[in-house]
There are 2 protein chains.
Amino acid sequence: MPTALEKARQAPDSMKARILSAARKLFGEYGYHGVTTRMIAQEVGIDISTLHYHWGEKQDLYEAVLTDLSDEIHAKLIEIEGLVHGKPLEVRLEVAIDVMCDHLFGNPDSAHLMLFSHFSKNRITSELDAHISRHLANIAVAMGLASDKAHVPPQANARVLAVWNSVINFAAGEDLFRPILDLDRPAYLSVVKETLKFILLPAFTRQASREK
Amino acid sequence: MPTALEKARQAPDSMKARILSAARKLFGEYGYHGVTTRMIAQEVGIDISTLHYHWGEKQDLYEAVLTDLSDEIHAKLIEIEGLVHGKPLEVRLEVAIDVMCDHLFGNPDSAHLMLFSHFSKNRITSELDAHISRHLANIAVAMGLASDKAHVPPQANARVLAVWNSVINFAAGEDLFRPILDLDRPAYLSVVKETLKFILLPAFTRQASREK
DNA sequence: AATTGATTCCATCATTTGATGGATAACCAA
DNA sequence: TTGGTTATCCATCAAATGATGGAATCAATT
């Protein structure tokens with residue numbers, strides 16, 4: 001028996017999918033407590049009871065949104081791993097930054113959701129957490145910070161986390177940062193990529209040359 | 001006539017100060033919408049009406065918390081500017097990271113509040129925003145990224161923002177990241193500092209040597 | 001057309017939440 | 001003491017919110 005989330009994916013025009021999409025947008029903008037079920041229903045243009053009919057309780061819907069996000073990020077990381085496979089470290093880092101930035105700038109709600117999910121005290125522990133741990137080791141090895149997936153030192157994981165967070169921050173913080181930097185959207189995206197590379201490349205390539 | 005915030009500061013044991021402190025703690029943990037006035041009142045051990053008597057509406061209290069935080073960060077940045085004045089760039093960066101990390105790890109609510117304040121879509125524009133713009137230029141010049149406070153290129157501001165965000169992230173994300181890295185508190189703080197320096201020092205010192 | 005199951009909306013409920021009025025108590029100056 | 005100001009709590013309200021039951025509608029199958 002397929003779950004509600006699987007049903008929504010199979011039929012992107014279905015009511016389940018439309019509700020999930022609206023919920024994702026609003027939860028991403030205002031956070032869990034900042035969104036009411038009525039707001040989501042209104043966004044879709046339906047009654048609240050229809051929403052409950054498809055997704056049950058508010059929290060269940062939120063968890064579905066997080067699961068959906070988790071799978072999306074998971075797929076993106078897999079894609080990046082494929083893209084950078086066998087390339088030299090500098091290229092790997094550049095590609096990873098470019099692809100991740102493009103994705104999150106194209107889906108700012110994803111970036112916001114990750115922030116909310118990561119930093120809420122009353123965190124609803126979700127599959128996102130599991131994915132983070134799972135991928136950290138892979139990325140650390142791919143970035144040349146560790147040679148064995150099973151034994152990644154905390155320093156290496158911390159470095160990957162720093163990169164990861166920087167990308168999310170610039171994507172999720174566009175509303176605040178872009179006016180401060182006084183740039184239009186394309187320029188902001190470009191400056192962010194350049195900044196991340198400026199900051200990260202020297203550190204990681206130095207690390208790589210040390211290990212040679 | 002002193003404002004409520006000034007009164008609270010003048011008398012740290014006063015009811016106004018106790019409410020402000022509890023509000024700051026809870027808003028920092030759960031965000032604006034995740035906190036009810038009753039939660040704050042219960043934290044202090046008083047009735048809700050007493051809370052309203054001292055601070056008026058919930059949003060007024062929240063803005064007072066943000067103003068308080070803004071002043072605290074402002075003072076910390078002034079302190080850092082004094083500490084690093086005249087020192088070489090590497091030392092400036094190291095000291096800034098150490099002092100900012102120590103402060104935010106000692107006051108995790110501050111880090112959380114800044115995150116909430118920065119990344120909420122329904123941002124309550126506060127003095128924090130003004131402070132960010134004001135300090136960015138100063139820090140950029142202090143870090144050797146620009147020679148003139150009045151004309152800091154967006155790239156330089158973006159680099160300062162990246163550093164700034166990294167510190168806040170590691171402080172606010174301790175609950176999530178520390179279990180992932182499997183470290184105790186002192187070790188986590190130490191790894192974070194080491195990571196930030198590892199990532200940031202090469203980039204900024206390369207920049208400085210270029211400009212010589 | 002009739003049956004059946006899935007879907008949608010209307011009306012409504014119980015709780016929670018922000019906020020207020022009024023009574024009471026504490027403090028303090030004259 | 002007295003008078004007035006300040007501070008605190010109790011009771012309560014109106015609105016918002018999550019959630020549900022049931023009637024009505026739609027779609028597919030026979």
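Throughout, protein chains are lettered first and strands after them, A, B, ... in sequence-line order, and every chain is numbered starting at 1.
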Exercise. Checking salt bridge (Lys or Arg N to Asp or Glu O under 4.0 Å) for the pair A:E29/A:R24: CA distance, chi angles, key distance, verdict?
Worked result: CA-CA 9 Å; A:E29 287 178 351; A:R24 181 168 168 155; over 6 Å; no
Can you check the [X] [atom1] to [N] [atom2] distance for me, whole Å?
| X | N | atom1 | atom2 | value |
| --- | --- | --- | --- | --- |
| A:L51 | D:dA19 | CG | C1' | 11 Å |
| A:K16 | C:dT8 | NZ | C1' | 13 Å |
| A:W55 | D:dG18 | CH2 | P | 17 Å |
| A:D47 | D:dT20 | CG | P | 14 Å |
| B:I48 | C:dA19 | CD1 | P | 11 Å |
| A:R38 | C:dT17 | CZ | P | 15 Å |
| A:Q42 | D:dG18 | CD | P | 13 Å |
| B:I19 | D:dA7 | CD1 | P | 11 Å |

For this session: Classify the nucleic acid contact of B:V35 as base, sugar-phosphate or nothing, counting any heavy atom under 4.0 Å across all strands shown.
Result: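 Result for B:V35 = sugar-phosphate.
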What nucleotide, of [options], holds the atom closest to the side chain of [X]?
| X | options | result |
| --- | --- | --- |
| A:E57 | C:dT8, D:dA19, C:dG18 | D:dA19 |
| A:H52 | C:dT8, D:dG18, D:dC10 | D:dG18 |
| A:T50 | C:dT8, D:dC9, D:dA7 | C:dT8 |
| B:H54 | C:dC9, D:dT8, D:dC10 | D:dT8 |
| A:I46 | C:dC9, D:dT8, C:dG18 | C:dC9 |
| B:K58 | D:dG18, C:dA19, C:dC10 | C:dA19 |
| B:Y53 | C:dC9, D:dG18, D:dA7 | D:dA7 |
| B:S49 | C:dC9, C:dA19, D:dC9 | D:dC9 |

For this session: Hey, could you give me the CD1/CD1 distance between B:I73 and B:I78, rounded to the nearest 0.5 Å?
Result: 12.0 Å
Exercise. Going from CG on A:N169 to CE on A:M114, what distance comes out if it is rounded to the nearest 0.5 angstrom?
Worked result: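 Between atom CG of A:N169 and atom CE of A:M114 there are 11.0 Å.
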For this session: Starting from the C-alpha separation in whole Å, work towards a yes-or-no answer on salt bridge (Lys or Arg N to Asp or Glu O under 4.0 Å) for B:E94 and B:K193.
Result: CA-CA 9 Å; B:E94 275 199 275; B:K193 284 182 177 178; over 6 Å; no
Exercise. Do the numbers put A:K58 on top of the ring of A:Y32, so that NZ or CZ is under 6.0 Å from the six-membered ring centre and no more than 45° off the axis?
Worked result: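 A:K58 over A:Y32 ring: yes.
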